[in-house]
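Numbered from 1 within each chain, the chains take letters A, B, ... in sequence-line order.
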Number of protein chains: 4
Amino acid sequence: MTKRFGQPIPGAMYPTGNQRETMTQHMTDHANHSAAPVNLCAKRVQILKAAGEVFLGSGYAGASMSQIAQKAGVSKGALYNHFDSKDDLFTAFFEEMSRTKLSVLKALVHDEKLDTRTALLHMARTTIQLMLDATTIGLYRVILVDAPRFPNLADTFWHHGFGCAIHNLASWLTRKTAEGKLNVDDAEFAAEQFLILCQTRIVQRRRMSLPVDCDSSHIEHVARLTAESFLRIYAPTP
Amino acid sequence: MTKRFGQPIPGAMYPTGNQRETMTQHMTDHANHSAAPVNLCAKRVQILKAAGEVFLGSGYAGASMSQIAQKAGVSKGALYNHFDSKDDLFTAFFEEMSRTKLSVLKALVHDEKLDTRTALLHMARTTIQLMLDATTIGLYRVILVDAPRFPNLADTFWHHGFGCAIHNLASWLTRKTAEGKLNVDDAEFAAEQFLILCQTRIVQRRRMSLPVDCDSSHIEHVARLTAESFLRIYAPTP
Amino acid sequence: MTKRFGQPIPGAMYPTGNQRETMTQHMTDHANHSAAPVNLCAKRVQILKAAGEVFLGSGYAGASMSQIAQKAGVSKGALYNHFDSKDDLFTAFFEEMSRTKLSVLKALVHDEKLDTRTALLHMARTTIQLMLDATTIGLYRVILVDAPRFPNLADTFWHHGFGCAIHNLASWLTRKTAEGKLNVDDAEFAAEQFLILCQTRIVQRRRMSLPVDCDSSHIEHVARLTAESFLRIYAPTP
Amino acid sequence: MTKRFGQPIPGAMYPTGNQRETMTQHMTDHANHSAAPVNLCAKRVQILKAAGEVFLGSGYAGASMSQIAQKAGVSKGALYNHFDSKDDLFTAFFEEMSRTKLSVLKALVHDEKLDTRTALLHMARTTIQLMLDATTIGLYRVILVDAPRFPNLADTFWHHGFGCAIHNLASWLTRKTAEGKLNVDDAEFAAEQFLILCQTRIVQRRRMSLPVDCDSSHIEHVARLTAESFLRIYAPTP
DNA sequence: CATGAATGAGGCTTCATTCAT
DNA sequence: AATGAATGAAGCCTCATTCAT
């Protein structure tokens, strides 16, 4: 059923089916013959946005095409003019979301001239904040529950999100180790540890819909403890 | 509608209605006149088992009563002789699962005469293994996706699982700190960090249905790194 | 399905099936071998009572055997020990109700030494009160809706209720005409007119669940107008 | 849940949702771009017609959506494109029926130049005929049995039917009294008496599904007796 | 291309009835 | 006799999808 997924080749054309580009970019690269494509894009974006709200909240099984159509302000039929099926829409939504919402993770590592401790604190704070975002939590939820039936889901999420962040962070850790600021052996593992440690206390509870204090002061506290802990693990031996 | 949840009163009897004892215990405490209760329990257990398989795999919305009935080998109507509704069955399944499957976490801390490093390794190994279990992963999945609609879910899970483990582990850490073997300030936080660190690499990927090597040698490796890291954070300052 | 109905022969025996005597009489005409029949009767009465409450309120289609069993405080199976089917129980309930609750109508005409006007007023009052009774209204409701599917229902109701009252009243009217107190030609028609006139204002509205003042003073008012009207129709020509 | 009822605003448009005009009028007031509404209306009418047949015969509880769909020649799901629920369909059916079928009652009083006796006979005949109509009997049945659960039912019926007729007739009676042709004190009460008297013998039996002669000659006979009786009650005192 | 009515499969639940205990 | 679990048909309703307009 699921048709397109897995290798989102940014420039490729999809001659069969309704698929179009992911459309947040180059909305204007066709000053050609008609404004229709713009509207198309607009409607597609509109639908994807609505699909996002619904799928993130309810998962694949809990969402209904009617709901999405209604929230998007279009007819049910219109959904099928832009997407071949619920599966297809789900897949498109997920890819779009992963690409746009997790971009923060890709840019987690700013190579500014911050000292190591400050940089770690900064990254911890940013990570926690991202992971508390409703969209991120929704995406995580969707992956956990729907990945068994949509095998490429997790790949996409990993590719655009966690995996990417781990990779970038690992590079940074390797660099810091080379600089003698840290002492990291398995950089990929350490990077993952860092990201996972960020979930202590706040993120973990929030994901489970448990009541939790999300004040920025609390976030700051946890970020600090996390950065500190990480430093203790990987501080260079004197 | 959903009747039973929240305060499982272990010794109470439910003479009227569908609710019965949680039924893993005292299947034999009726040397009286009839074997019927055994069958009743048997069928209830049978249904709960099937419900478990289905709910764990698909969440509440993705599961269907027909599926469950079929997997349990009973008629659809029979489900309603034992549970008032899908909600009720879901709730009962979840409570049962939390109680029985997470008991390992409660017993995570054995107060044996192991040295600290070995004990941590041991606990890391156990935790990883538990968290890789299909049931545990399913439960986690269910909580993430269905807790928003079933508020007690997360409480139950926390109460029987994570929360309990954190609490026990925190006590142990406090004790070790008193003994000078560790140097833990915020024991609850540290305990949670330990459990979260155990999810690095293997558990996290498995949860997302990503391919991952689950060999015991790999588990051992991660457990060792985890214990080591934890020790580095909280080793007593020399 | 419906087995027995139509000619309730009071003394007959029903050798096949579960049917027993209507049981409000001669509860004691068997000082014979066992007290079981008494219990049977008790349970049967209990069931019929519950069936009455439910059927009167909801009609045949709206009632459920479970409801009845619950209200009767017996098991669902027990219903089928006493009655062959829902149809059978319905039929038995209806006959019983008609017989017992409408007996007032049979005794509508007391041949006391009241003058005609007072007697009519008396009968109007009694009729209105009976017709306002929840049971009577329920019976009427049941006939209207279920008679098409249970052809003997209306016969029974007519036989025990309206028809009987009309008959008795017609005799009385004939007698009064003979005495020169009234001038009734078609006595059956006149009797029916009287009973129907009693439904003006209060009974008619109550039947339709419309709000209506049922004070005894209001009843008295309507009864008086009704008797007066009847007298004007059938007063002997001077 | 039930959305439309109570105040049928004749000219309102319901652009969103299932609700549409009651649709017996202006099937042609859209010389616009498409013939679809005609079909829509047609189907809605088709469904309402089928619903009428079923509900009138069986009441709310005894009717099934499958039956209605089948009788309407549409799929079960199609019902829900036009009505939100069984309740909604029931409510719409009842309102429509009350409005269209009982209009005869509203026009009961023609202010022709008939003498009083003839006018009464005329009205009695018309009333009896209307009340014998299968639809009227069905509506009455539905009210009695379902009004307890649908409070607006009886109001609607009264508003469109009985109540209206009583009101018009009462005005007529008052007029006749002013003209010295009748001597009516409580005109509303008298009007109700007239309508109720019309139910003697034929209507009452028919309602209960009892066998009864409905020949026009019999109707004429009862109408004559009824008019005569009414005249005797309210003839002006000489 | 947009619409939304139509469809039929399938969802959850209730029901009358049966039957082993 | 009494119980209540089991059954499978049927009830109401929703859903993804199609298609005429």
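Paired runs in DNA chain E that reach 3 or more consecutive Watson-Crick or G-U pairs, where each pair keeps both distances under 3.5 Å, cover E:2-21 with F:2-21.
B/Gln46 is linked by a side-chain hydrogen bond (donor to acceptor under 3.5 Å, both in side chains) to nothing, counting only residues two or more places apart in sequence or in another chain. With sequence neighbours excluded, no residue forms a side-chain contact (heavy atoms from CB on, under 4.5 Å) with D/Pro151.
Residue-level contact check: D/Ala63 touches the backbone only, with heavy atoms under 4.0 Å from sugar-phosphate atoms and none from bases.
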Which atom pairs, donor and acceptor, lie under 3.5 Å between side-chain atoms of residues 64-76 of chain D and protein residues at least two apart or in another chain?
from, atom 1, to, atom 2, distance (Å)
D/Ser64, OG, D/Ser66, N, 3.4
D/Ser64, OG, D/Gln67, N, 3.0
D/Ser75, OG, D/Ala78, N, 3.2

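To the nearest angstrom, P of E/dT13 lies 6 Å from CE of B/Met65. Between B/Phe55 atom CZ and E/dG11 atom P the separation is 13 Å, expressed in whole Å. Straight-line distance from the CG atom of D/Asn81 to the P atom of E/dT3: 17 Å, rounded to whole Å. Following rounding to the nearest Å, B/Leu79 (CG) and E/dT14 (P) show an atom-to-atom distance of 12 Å.
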Identify each atom pair where a protein N or O and an N or O of nucleotides 8-10 of chain E are less than 3.5 Å apart, giving names and distance.
none

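The side chain of A/Lys86 places no N or O atom within less than 4.0 Å of a non-bridging phosphate oxygen (OP1 or OP2) of F/dC15. Within the structure, a side-chain polar atom (N or O) of B/Lys43 is placed less than 4.0 Å from OP1 or OP2 of F/dA6. Phosphate proximity of E/dA2 to A/His82: present, with a side-chain N or O under 4.0 Å from OP1 or OP2.
Ring geometry, C/Phe90 versus C/Tyr60: the interplanar angle exceeds 60°, so the pair is classed perpendicular (tilted spans 30 to 60°).
At distances below 3.5 Å, not a single donor-acceptor pair connects side-chain atoms of B/Arg141 with backbone N or O atoms of B/Gly59.
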